[in-house]
Amino acid sequence: MRGRSHPTYVAFILHRVSGLLLALFLPLHFWALGQAIQGEAALDGFLRWADNPLVKAAEWALVVLLALHLAGGLRVMALEFLGWRARQKDMVAVSAGLAFAAGVLFLLNVG
């Protein structure tokens, strides 16, 4: 069981879980887009609901999940195509750092 606490195993799990959570988010995203198609009143109602602090926190979590999934995917591609197996822990740290930085920038409303 020692391998399950290794940073690369944690990165593997986080990449898979973030992908599943993003896939579960897609129907909600399509529903939100559908509100815009239904008209201005429906979209305004949705935007008022989206102004809720809990929704804002979920939006931040979504950005972190997207960044985490992207960074994890880039890490996997580097392993596949570049063969950087000796620096896996470094790639995990860089991936996590990029995801965290994207979340902080989003939280600070930068960019």
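Because the structure is a prediction, the values reported are computed rather than measured. We count residues from 1, following the sequence as given.
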How long is the span from the [atom1] atom in [X] to the [atom2] atom in [Y], to the nearest 0.5 Å?
X: L108; Y: F106; atom1: CG; atom2: CZ; answer: 11.0 Å
X: E59; Y: N52; atom1: CD; atom2: CG; answer: 11.5 Å
X: L43; Y: R48; atom1: CG; atom2: CZ; answer: 10.0 Å
X: F100; Y: L105; atom1: CZ; atom2: CG; answer: 10.0 Å

Contact summary for [X] and [Y], nearest pair of heavy atoms:
X: W60; Y: V104; value: NE1-N, 4.2 Å
X: G72; Y: H15; value: C-CD2, 3.6 Å
X: G103; Y: V64; value: CA-CG2, 3.6 Å
X: A102; Y: A67; value: CB-CB, 3.6 Å

Any link between [X] and [Y] through a network of hydrophobic side chains (Ile, Leu, Val, Met, Phe, Trp, Tyr) touching at under 4.5 Å?
X: L21; Y: F25; value: yes
X: V55; Y: W31; value: yes
X: I13; Y: L24; value: yes
X: V17; Y: L22; value: yes
X: L26; Y: L33; value: yes

- Quick one: does R16's side chain get under 4.5 Å of L20's, heavy atoms only?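 In short, these two side chains do not touch, never coming nearer than 4.5 Å.
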- Message: With side chain to side chain donor-acceptor pair (under 3.5 Å) as the rule and sequence neighbours excluded, what pairs involving residues 18-28 come up?
- Response: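 Listed once each, the pairs are S18-H69.
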- Task: Could you go through the side-chain contact (heavy atoms from CB on, under 4.5 Å) check for Q35 and D44 one step at a time?
- Result: CA-CA 9 Å; Q35 299 304 302; D44 285 342; over 6 Å; no
